[in-house]
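Along the sequence shown, residues are numbered consecutively beginning with 1. Bear in mind that the values here come from a model prediction, so they are computed numbers and not experimental data.
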Amino acid sequence: MRTYWNYNKTLRTLDEWQPNCWTQVTCPTEEDEDFLCEKLGIPSYFLDDIRDKDERSRYEYEEGWTLIILRIPYVKEVRSRTPHTTIPLGIILNKDICVTVCNYETNMMIDFVSYQQKRGQGFTDSVDLTFRLFLSAAVWYLKRLKQISALIEEAKRSLDETIDNEDLIGLSRLQDSLTYFITSIRGNETLLSKLKFKLPVDELDADLIEDVTIEMNQAREMTNIYTNILDSTMETYASTINNNLSQVMKRMTSISIILMFPTLIASIFGMNVLNGMEQWAWGMPLIIVSSLLITALIIWQFRRIEWL
């Protein structure tokens, strides 16, 4: 799907492509790719790189064309091992051409357009648009991190009541999401530091870059904090599980030892061997009382050392 935006002074849609407009392409079809490659002349391998969901944040310059790949947060609507992940957003620039390509429909881009329309100021140029996309990505990382924090707290409250495999698996998946986040944020920071010297930056852009840097630093620090909290939480619950297992095994071992002595006495006197008690009327009661006394003594000893 293609949308043409005139971003001079304000952000409004256009019926067809014009020079110096912003072409927003979301979930590109074959027709969209033909338009980008044939009419605008964008190198086809740029689109191939953007299509790769594992493509890292980077900058590339080829015969007047500039490709910027920015990693942005994305939440999968369907159940997944990593519901919170990151995807590539491609920004393609060349003189009077400004194109963004994303193979997923994201809340970030919808919010970005809505927010810019509310501002009613548009963009000064394609460079301003590029850095505002960086700023929006940093802000959305912070939003997603808050959601992940809420999910961590919810899982911890549930695990405090009873340790459930589903909650532990959920925490593990959030740990994977944080790994994707921290890797993408660091890549975006490195990319931003390079673009400051590659793109024509004016005074307004310099102020914007400073804001982006602050937001990205905050997102990186928050990701590190939540990662440490999650690591500590997982280690705590792993220790709790091991301790519970140890308690169960200790109790089972104690019960086995307690039952072993009556079984031993019954086995000895139950053998088909003469022992002098075959004709004694008190033989059987004596064996039973002896078994009970030994069992009681062992139980008392185990309770004294807190094994039961």
Side-chain angles (χ1 to χ4, degrees), residues 1-53 55-72 87-106 108-117 119-137 187-188 191-192 194-206 208-209 212:
M1 182 180 68
R2 298 194 305 272
T3 307
Y4 308 113
W5 299 95
N6 184 335
Y7 56 77
N8 184 21
K9 295 183 180 179
T10 184
L11 194 64
R12 63 184 186 276
T13 57
L14 299 172
D15 295 331
E16 59 182 12
W17 182 85
Q18 296 179 4
N20 296 311
C21 76
W22 168 30
T23 304
Q24 182 186 7
V25 182
T26 305
C27 302
T29 62
E30 185 176 351
E31 180 185 353
D32 295 331
E33 294 185 359
D34 291 341
F35 170 81
L36 296 176
C37 296
E38 295 177 7
K39 183 170 183 178
L40 300 186
I42 295 175
S44 59
Y45 68 88
F46 277 11
L47 303 181
D48 295 335
D49 292 342
I50 298 171
R51 193 179 299 113
D52 183 4
K53 63 183 180 64
E55 188 70 26
R56 60 184 176 84
S57 302
R58 64 185 180 85
Y59 161 90
E60 184 174 345
Y61 184 82
E62 181 70 25
E63 297 181 355
W65 290 97
T66 300
L67 171 64
I68 300 169
I69 295 182
L70 174 68
R71 300 290 301 190
I72 63 175
I87 57 174
L89 170 66
I91 306 171
I92 304 173
L93 308 175
N94 187 1
K95 295 181 180 179
D96 58 354
I97 296 176
C98 177
V99 179
T100 61
V101 181
C102 185
N103 286 275
Y104 303 85
E105 188 171 355
T106 64
M108 174 193 141
M109 293 304 294
I110 296 174
D111 177 76
F112 178 75
V113 171
S114 175
Y115 175 74
Q116 297 304 327
Q117 287 178 327
R119 286 177 67 237
Q121 297 181 8
F123 309 106
T124 56
D125 52 23
S126 58
V127 175
D128 182 43
L129 168 63
T130 299
F131 289 126
R132 289 199 179 276
L133 284 171
F134 270 83
L135 179 60
S136 180
N188 288 348
L191 176 61
L192 180 65
K194 293 180 179 179
L195 291 179
K196 290 190 296 185
F197 304 101
K198 298 293 184 179
L199 298 180
V201 177
D202 57 24
E203 185 176 352
L204 294 177
D205 292 331
L208 181 57
I209 290 173
V212 175

So, taking the atom named [atom1] in [X] and the one named [atom2] in [Y], what distance separates them when rounded to the nearest 0.5 Å?
X	Y	atom1	atom2	answer
Thr130	Arg132	OG1	CZ	11.5 Å
Phe112	Leu133	CZ	CG	4.0 Å
Phe131	Ile68	CZ	CD1	7.0 Å
Leu195	Lys198	CG	NZ	9.5 Å
Met1	Cys102	CE	SG	11.0 Å
Ile69	Ile92	CD1	CD1	9.0 Å

How close do [X] and [Y] get, counting heavy atoms only, and between which atoms?
X	Y	answer
Val113	Leu11	O-CD2, 3.9 Å
Lys53	Pro88	O-CD, 3.7 Å
Leu93	Ile91	CD2-CG2, 4.0 Å
Lys196	Ile209	CD-CG2, 3.4 Å

Checking Asn94 side chain against Ile97 main chain: does a donor-acceptor pair fall under 3.5 Å?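 Not at all, since once roles are kept as given, no pair shorter than 3.5 Å links the two residues.
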
salt_bridge(Glu33, Arg2) N-O dist < 4.0 Å: no

Sort and list the pairs that fulfil side chain to side chain donor-acceptor pair (under 3.5 Å) and have at least one residue in residues 58-70, not counting sequence neighbours.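 Passing the test, one end in residues 58-70: Asp49-Arg58, Glu55-Arg58, Arg58-Glu60.
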
Do any side-chain atoms of residues 17-28 form donor-acceptor pairs under 3.5 angstrom with protein atoms, and if so which ones, sequence neighbours left out?
unit_1: Trp17; atom_1: NE1; unit_2: Thr23; atom_2: OG1; d: 3.4
unit_1: Trp22; atom_1: NE1; unit_2: Thr100; atom_2: OG1; d: 2.9
unit_1: Gln24; atom_1: OE1; unit_2: Trp5; atom_2: NE1; d: 3.0

Decide whether Ser114 and Asp111 meet the rule of one side-chain donor and one side-chain acceptor closer than 3.5 Å. no

For a 4.5 angstrom cut-off between non-hydrogen side-chain atoms, does Arg71 reach Leu89?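 Result no, sub-4.5 Å side-chain heavy-atom pair not found.
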
For a 4.5 angstrom cut-off between non-hydrogen side-chain atoms, does Leu70 reach Phe134? yes

Can you list the steps and then say if Gln116 with Phe123 is a side-chain contact (heavy atoms from CB on, under 4.5 Å)? CA-CA 9 Å; Gln116 297 304 327; Phe123 309 106; 3.6 Å; yes

Between side-chain atoms of residues 34-47 and protein atoms elsewhere (two or more places apart, or another chain), which donor-acceptor pairs fall under 3.5 Å?
none

Please determine whether side-chain contact (heavy atoms from CB on, under 4.5 Å) holds for the pair Asp128 and Leu208, giving the CA-CA distance in whole Å, both sets of side-chain angles, and the decisive distance to 0.1 Å. CA-CA 8 Å; Asp128 182 43; Leu208 181 57; 3.5 Å; yes

